[in-house]
Amino acid sequence: MTDAPLPVVLVVAAALVDVDGRVLIAKRPEGKALAGLWEFPGGKVEPGERPEAALIRELNEELGIDVQEACLAPFVFASHAYESFHLLMPLYLCRRWSGLVVAREHAALAWVRPNALTDYPMPPADAPLVAWLRDLL
Ligand code: 9L3
Ligand code: MG
């Protein structure tokens with residue numbers, strides 16, 4: 001153990017909500033950190049990238065959809081100390097997109113009622129966001 005400060009890594013994630021009020025979660029694939037856990041899709045903000053642009057890019061890469069920036073609103077932040085970095089992750093609510101959602105990088109996708117999200121094992125950063133999401137929806 002060291003007392004050296006952990007680098008802060010900014011990751012952006014989305015709660016896509018469909019017309020029936022179900023939320024999209026995605027299963028992390030084998031070979032990646034936290035494999036098998038169900039996350040809100042998203043990823044790292046590259047140096048110099050605007051967070052919203054990063055999220056639009058990640059949602060296109062991971063799910064094949066196009067999202068307009070005006071349709072994205074951050075509503076809660078996750079803050080979690082992993083072993084080698086501190087993750088800071090705003091979760092953006094997104095109710096409108098174009099294109100069909102497909103799993104390009106994840107092992108599986110699930111559309112889940114807010115009350116059932118706790119049935120899915122999530123990374124430690126994502127799990128506390130579920131209560132906020134349930135209150136909001
Ligand atoms: N992470 C946690 N919850 C999420 C996302 C999108 C990411 N909802 C964590 C997992 C990795 C790091 O952030 O440790 C970077 O994510 P990725 O680039 O591996 O998707
Ligand atoms: Mg990702």
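Just so you know, residue 1 is the first one in the sequence shown, and it goes up from there. Order of appearance sets the numbers: ligands from 1, and atoms from 1 within every ligand. We use all heavy atoms of the structure for the numbers below, so side chains are in, but hydrogens, waters and symmetry mates are not.
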Kindly confirm whether the Mg ion (ligand 2) is within less than 2.8 Å of some N/O/S atom in G42? yes
Going by the order shown, which atoms of ligand 1 are within less than 4.0 Å of some heavy atom of V11? 5 (C), 6 (C), 7 (C), 13 (O)
Ligand 1 atoms in contact with L87 (distance to a heavy atom under 4.0 Å): 13 (O)
Run V67 and L55 through side-chain contact (heavy atoms from CB on, under 4.5 Å) and show every step you take. CA-CA 9 Å; V67 176; L55 184 55; over 6 Å; no
Examine all N, O or S atoms of E39, backbone included, and report whether one is under 2.8 Å from the Mg ion (ligand 2). no
Consider ligand 1: state whether an atom of it lies below 4.0 angstrom from any non-hydrogen atom of H80. no
Out of all atoms in ligand 1, which are within 4.0 Å of some heavy atom of G42? Include the element for each. 6 (C), 20 (O)
Say whether A33, considering both its backbone and side-chain N or O atoms, lies within less than 3.5 Å of an N or O atom on ligand 1. no
Between the Mg ion (ligand 2) and E62, which N, O or S atom of the residue is the nearest one? OE2
Do I25 and L117 have side chains that approach each other closer than 4.5 Å (heavy atoms only, starting at C-beta)? yes
Would you mind reporting whether E61 and E105 have side-chain heavy atoms less than 4.5 Å apart? yes
Indicate, with yes or no, if I56 and L10 share a hydrophobic cluster defined by side-chain heavy-atom contacts under 4.5 Å among Ile, Leu, Val, Met, Phe, Trp and Tyr. yes
Of K32, R28, E39, the residue with the heavy atom nearest atom 16 (O) of ligand 1 is R28
Applying a heavy-atom cut-off of 4.0 Å, say which part of F85 lies close to ligand 1: side chain, backbone, both or neither. side chain
Measure V9 to ligand 1 on non-hydrogen atoms and call it side chain, backbone, both or neither using the 4.0 Å cut-off. neither
What atoms of ligand 1 come within less than 4.0 Å of a heavy atom belonging to F40? 4 (C), 6 (C), 8 (N)
For ligand 1, is E58 a contact, meaning one of its heavy atoms is under 4.0 Å away? no
Looking only at protein heavy atoms, what sits closest to atom 2 (C) of ligand 1 is D126 OD1, 3.5 Å
Which of the atoms in ligand 1, numbered in the order shown and given with their element, are less than 4.0 Å from a heavy-atom of L34? 10 (C)
Backbone N or O of D20 within a donor-acceptor pair of the D18 side chain at under 3.5 Å? yes
Salt-bridge criterion met for E39 and K27 (N-O under 4.0 Å): no
How about V8 and L87: do any of their side-chain heavy atoms sit closer than 4.5 Å? no
Heavy-atom check, side chain of T118 versus side chain of R134, under 4.5 Å: yes
What closest approach, in Å, do R57 and E46 show between heavy atoms, and which atom pair accounts for it? NH2-CG, 3.7 Å
Is there a salt bridge (Lys or Arg N to Asp or Glu O under 4.0 Å) between K44 and E58? Walk through the geometry before answering. CA-CA 8 Å; K44 283 190 187 112; E58 289 283 348; over 6 Å; no
